[in-house]
Peer 1: 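Shown below is the structure under consideration.
Atoms within each ligand, like the ligands themselves, are counted from 1 in listed order. All heavy atoms count here, side chains included; hydrogens, waters and symmetry mates do not. All residue numbers in this chain count up from 1 along the given sequence.
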Amino acid sequence: MTTTSLLTARPGIALKGAVRAPGDKSISHRSLILGAMATGITKIEGLLEGEDILATARAVEAFGATVTRLGAAHWQVDGRGGLTSPDQVIDCGNAGTGVRLLMGAAAGYLITATFDGDASLRKRPMKRVTGPLAQMGVRFDWQTREDRLPVTLSGGSLTGIDYAQTVASAQIKSAILLAGLNASGTTTVLEPEKSRDHTERMLRAFGAEVEVESVGDGWRVSLLGGQTLTGTAVSVPGDPSSAAFPLAAGLIVPGAEVTVEGVMLNPLRTGLLDTWAEMGAELTITNRRSSGGEEVGDITARHSRLRGIVVPERRAASMIDEYPILAATAAFAEGSTIMRGIGEMRVKESDRIALMAAGLTACGVQVEEEPEGFTVTGGPVAGGATVTTHGDHRIAMSHLILGLAAQAAVNVDEPGMIATSFPDFVQMMQGLGADMEAA
Ligand code: S3P
């Protein structure tokens, strides 16, 4: 989806209130995909109804599952215990997680499927997933050029592999594990650092056995092929990556106090909270509880005097999607915030290092870009710019939050893309008092 209109965020209002985090995007994708691979009914509560997830819901239907929306954020998947060849091209829209996990899921069945996506997804590398899947026995026919969508997959008759990842990537790990479920022998993924473990946790909830062993800073994850999944109930916790936006506004808007309720606190997703705490952020977590196999809590952010820090590179995997909003908050900190070891940001929905550097610079912020990172130095944030987002939802939301605390309004283009991960973003921010509307 693309739009040509602009969205504006204006400064001047102290935000106050409590909101509920939307469902976690990673867990939402997985619940639909595992539900389709399983036998029987999977009931999902709290599903994120963003465009990325709706694309995955359509995809699993095309692969033979029956998907029903029972009510708001309440969905049901009737799985057939396997995927069948779809009649149409599987269009994953903007979703890297959707396409990569679906390729892994489809890999183990004797089926043929063509995967495609929007202009952004067509630019993103796919061999990181198709490479190991090909080693397991999948055939890939690239339709236009190698490593880029569209691609046709022919699956079935897989052999388990022992795969050592060079970067920590939950998408690659998950694709290999999902394929491994239907491979002969054992499939093992070794990660240099721990990436989010939602697939491992959910596979267990669907009845599979997954072994995990710590190795240095990372871990080795293995499963035996030939295991079957049984439908189950999934309760999707609030997305920490989405919660980061209203919380950031709480930290940088003078006089603000914002609470986001029901945020997942999985330690592999909370690197931003640790980083903000080191920067002097006033954050409090209350009402810690367990929901859907994850710890969740309510997080309150108050306007804080932030100071720049060096963000530990080891933390990157636990906050890779949060660097754009971290960079926006760093613009209001005293001193420099140095973010390195994050070359992966260049192959997300956009080149997020380049776009954050360009957008912040346009807003009067001092930024130094490096091949694998950037440094943001705080100071007066002029704003008063129109930021190019290249259709990247997190680039758009980061600059809109910045605009709420800048000296002059900030506009972003293609605001419709925010719905990929956070369809209620504008409404939620308006509910907190934010001056945000179509320009
Ligand atoms: C995700 C993993 C991360 C993250 C993405 C969601 C997932 O990507 O950036 O938004 O749900 O597995 P990588 O695994 O490529 O780092």
Peer 1: May I ask you to identify the nearest protein heavy atom to atom 6 (C) of ligand 1, giving residue, atom name and distance to one decimal place in Å?
Peer 2: Thr97 OG1, 3.2 Å
Peer 1: Do you know which of Arg269, Arg201, Arg196 makes salt bridge (charged side-chain N to carboxylate O under 4.0 Å, His left out) with Asp24?
Peer 2: Arg269
Peer 1: Around atom CD of Gln427, are there more than 12 heavy atoms from other residues, nucleotides or ligands closer than 6.0 Å?
Peer 2: no
Peer 1: Which heavy atom of the protein is the closest neighbour of atom 10 (O) of ligand 1, given with residue, atom name and distance?
Peer 2: Asp321 OD2, 2.6 Å
Peer 1: Does Arg30 come within less than 4.0 angstrom of ligand 1, counting non-hydrogen atoms of the residue?
Peer 2: yes
Peer 1: Is any side-chain N of the basic residue among Arg340 and Glu370 closer than 4.0 Å to the acidic one's carboxylate O?
Peer 2: yes
Peer 1: Salt bridge check: are Lys25 and Asp239 linked by an N-O gap of less than 4.0 Å?
Peer 2: no
Peer 1: Please work out which of Lys348, His29, Arg100 has its closest non-hydrogen atom nearest to atom 16 (O) of ligand 1.
Peer 2: Lys348
Peer 1: Short N/O distance, under 3.5 Å, between Gln171 and ligand 1?
Peer 2: yes
Peer 1: Just checking, is any N or O donor in the side chain of His393 or Ser421 under 3.5 Å from an acceptor N or O on the other one?
Peer 2: yes
Peer 1: Would you say that Met345 contacts Pro324 through its side chain, given a criterion of any heavy-atom pair below 4.5 Å between the two side chains?
Peer 2: yes
Peer 1: Ring-plane angle category for Phe425 and Phe422, please: parallel below 30°, perpendicular beyond 60°, tilted otherwise.
Peer 2: perpendicular
Peer 1: Going by the closest heavy atom to atom 14 (O) of ligand 1, which one wins out of Ala316, Ser241, Ser169, Ser28?
Peer 2: Ser169
Peer 1: Within the 4.0 Å heavy-atom shell around Ile320, which atoms of ligand 1 are there?
Peer 2: 9 (O)
Peer 1: In terms of residue, atom name and distance, what is the protein heavy atom nearest to atom 11 (O) of ligand 1?
Peer 2: Ser26 OG, 2.7 Å
Peer 1: For ligand 1, which part of Arg196 has a heavy atom less than 4.0 Å away: the side chain, the backbone, both, or neither?
Peer 2: side chain
